[in-house]
Amino acid sequence: MIVRVRFAPSPTGYLHVGGLRTALYNYLFARHHGGKMILRIEDTDRTRLVEGAQENLIKSLEWAGINFDEGPHIGGDFGPYIQSERFDLYKKYGMELIESGHAYYAFDTPEEIDAMREKQKSTGDFKYQRDLMKNSLNLTTEETKKQIEEGHPYVIRMKVPHEQEIVFQDIIRGEVKVIGKEVDDQVLLKSDGFPTYHLANVVDDHLMQITHVIRGEEWLPSTPKHTLLYRAFGWDVPEFAHLPLLLNKDKSKLSKRQGDVAVEDYVAKGFFKDAFINFIALLGWNPTGDREIYSFDELIEFFNLEKVNKAGAVFDLEKLTWVNAQYLRTKSMDELADYIIPYLESQNQNYINRDFLKQVIDLFKERIENMLDLYETTNYMFAKPTEFDLEALKKNWKEETTEIMPKYLEFLKTQSDWTHSPLYEATKIFCEEQNFKIKFIVNPLRIMITGSSKGAGMFETMELLGKKECIDRIEYFWANISLK
RNA sequence: GGCGCAUUCGUCUAGUGGUUAGGACGCUGGCCUCUCACGCCGGUAACAGGGAUUCGAAUUCCCUAUGCGCUACCA
């Protein structure tokens, strides 16, 4: 049997980080087993449609490298893959359930439902009271027929067997049991003719021959309903795997209030997709516990649902940042330049030219965690510094420095080889001759040239900047900046 | 309120009856060193609580607590 899994978002906006992980686990599972990955759009709630949401979703998924074998954007043998385009199907299956006695018509108005709930409040039981309401269970066949013919709005509800214990297996959680009377008579078909999630996902998962339903933990409580539905239709029940939730710092469900939740936000923040995927994959699952960095292929190779954790995982931005830094260090200068140049251009920032930028990146890739930080920490490579860290400078300013520094400047002017290694050697010799520690030359020099007390190797920096630029900067500093 | 699921360092996790409870992020001490980083070496810190089973429980069972989820003609 070929494994077929699906990612089934509703098009209400952007791709949520939690949604990405669900899609990822589905994808890893499918690829691991050589199965198929299907995208299905669940747009049965006509009141919550957002323009462009579907395109946005697909864009984010593609960015992440999650490719589909079937879906609305590429077709397939089990389409259509958008539920609103399968409209007629659901009604047919709803009717089938009525005929087999597993569902019934209900004619209650929203007000009547509210009133019923209000009355039930004291008992703590908010479920639909099938015996007290206006539905085809209580009405005669003629009355029911009349209601429909007269055009009264109605829904189709599932008739949950109260006495039955409903048991299903979850790959991650094991056996889950619920007693029938705890399960509500869920609406299956709404009065606008659209199905609810419960009917639609069961019908579609069956028709699309989905073998494993891998979805968020929030679906665990409604899985008994789905199990019942499969049985009512006489269909095989797929395997279930309910994934733990992604959490905020305070352990509540990951939400907008406490940070970014849209995948596109993290793209905009400069996180690499491979780093992001690596990080997300390890939130709730880990093949061994002694490694943090896995390539996409390795994730596929090692993935298994049995090792997925049961408890929710806090989304830790600091660790993501660290993972990103790990990836940054392994990427080539060309990759990094390709990544950052469009950004710099969009910001109208002068990076001199690609070659120069690449050399700057080479100098700084060990010093930054996110490429978007590059320009800020290296701006003195592209323009003369305007501010100087005088506090740091004073710390390394000896009495003799005032005398030695001009000598060193003259010495530098005589240097013909401006590559870093000879420059360094020459400086060492100069310092020996002056009987002066090299750090007391290099540190002040750094601040004069870059303005900052931090940075890459001084001589590498000088080489890149060029002799004239360095001399100019030192002279400018000497002439204009007062040490007090 | 009801039902369900969960609970190992602050965080991500390894662990499936016998371990000095391991790794990683963070924090931190040191080394390296022209600064800052990187890297390397070290430190910090956890089995929610209580019973039961067992010669022996982080690992099995029960209870409690806590957290989370669901409880819509949303998904």
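Chain identifiers are assigned alphabetically (A, B, ...) following the order of the sequence lines, protein sequences preceding nucleic acid strands; residue numbering begins at 1 within each chain. What's counted below: heavy atoms across the whole structure, side chains too, no hydrogens, waters or symmetry copies.
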K.L.:
Does A:Tyr424 have any ring-ring contact (aromatic ring centres under 6.0 Å, His included) partners at least two apart in sequence or in another chain, and if so, which?
P.N.:
A:Phe459
K.L.:
Under the rule for ring-ring contact (aromatic ring centres under 6.0 Å, His included), what residues qualify as partners of A:Phe276, not counting sequence neighbours?
P.N.:
A:Tyr266
K.L.:
Using the C1' atom in both, what is the distance from B:rU8 to B:rA46, to the nearest Å?
P.N.:
5 Å
K.L.:
Residues two or more places apart in sequence or in another chain: which of them pass ring-ring contact (aromatic ring centres under 6.0 Å, His included) with A:Phe279?
P.N.:
A:Phe315
K.L.:
Could you identify the nucleotide paired to B:rG29, looking across every strand shown and requiring Watson-Crick or G-U wobble geometry with both distances under 3.5 Å?
P.N.:
B:rC41
K.L.:
Quick check on contacts: within residues 270-292 of chain A, what sits under 4.0 Å from RNA chain B by heavy-atom distance?
P.N.:
A:Leu282, A:Leu283, A:Gly284, A:Asn286, A:Thr288, A:Gly289, A:Asp290, A:Glu292
K.L.:
Could you tell me whether A:Lys428 and A:Glu432 make a salt bridge, using a distance below 4.0 angstrom between a side-chain N and a carboxylate O?
P.N.:
no
K.L.:
Give the table of side-chain donor-acceptor pairs shorter than 3.5 Å for residues 10-23 of chain A, with sequence neighbours excluded, one pair per line with atom names and distance.
P.N.:
from: A:His16; atom 1: ND1; to: A:Gly18; atom 2: N; distance (Å): 2.8
from: A:His16; atom 1: NE2; to: A:Leu254; atom 2: O; distance (Å): 3.4
from: A:Arg21; atom 1: NH1; to: A:Leu283; atom 2: O; distance (Å): 2.6
from: A:Arg21; atom 1: NH2; to: A:Pro244; atom 2: O; distance (Å): 2.2
from: A:Thr22; atom 1: OG1; to: A:Gly18; atom 2: O; distance (Å): 3.1

K.L.:
In chain order, what residues pass the salt bridge (charged side-chain N to carboxylate O under 4.0 Å, His left out) check against A:Lys134, with sequence neighbours excluded?
P.N.:
none
K.L.:
Both distances under 3.5 Å, Watson-Crick or G-U wobble: report the partner of B:rA24, or none.
P.N.:
B:rU11
K.L.:
Does anything in residues 170-180 of chain A pair up under side chain to side chain donor-acceptor pair (under 3.5 Å), and if so which pairs, sequence neighbours excluded?
P.N.:
A:Gln169-A:Glu175, A:Asp170-A:His242
K.L.:
Encode nucleotides 64-75 of chain B as B, S and - characters from 5' to 3', where the letter depends on protein heavy atoms closer than 4.0 Å: B to the base, S only to sugar-phosphate, - to neither.
P.N.:
----SSS-SBBB
K.L.:
Given the P atoms of B:rA45 and B:rU53, what is the spacing between them in whole Å?
P.N.:
34 Å
K.L.:
What is the base-pairing partner of B:rC55, counting Watson-Crick and G-U wobble geometry with both distances under 3.5 Å?
P.N.:
B:rG18
K.L.:
Among B:rC25, B:rG15, B:rU7, which nucleotide has an atom closest to any side-chain atom of A:Lys307?
P.N.:
B:rG15
K.L.:
Identify, with sequence neighbours excluded, every residue that meets ring-ring contact (aromatic ring centres under 6.0 Å, His included) alongside A:His206.
P.N.:
A:Trp235
K.L.:
For the aromatic rings, using the six-membered ring if either is Trp, is the centroid distance between A:Tyr90 and A:Phe194 under 6.0 Å?
P.N.:
no
K.L.:
Could you please name the partner base of B:rU35, counting Watson-Crick and G-U wobble pairs only when both distances are under 3.5 Å?
P.N.:
none
K.L.:
Return a single string for nucleotides 35-44 of chain B, one symbol per nucleotide in 5' to 3' order, where B is base contact, S is sugar-phosphate-only contact and - is none, cutoff 4.0 angstrom on heavy atoms.
P.N.:
BBBS------
K.L.:
In chain order, what residues pass the salt bridge (charged side-chain N to carboxylate O under 4.0 Å, His left out) check against A:Glu400, with sequence neighbours excluded?
P.N.:
none
K.L.:
Could you let me know what B:rG69 is paired to, Watson-Crick or G-U wobble, both distances under 3.5 Å, or none if it's on its own?
P.N.:
B:rC3
K.L.:
Under the side-chain contact (heavy atoms from CB on, under 4.5 Å) test, which residues partner A:Lys181, sequence neighbours left out?
P.N.:
A:His162, A:Ile179
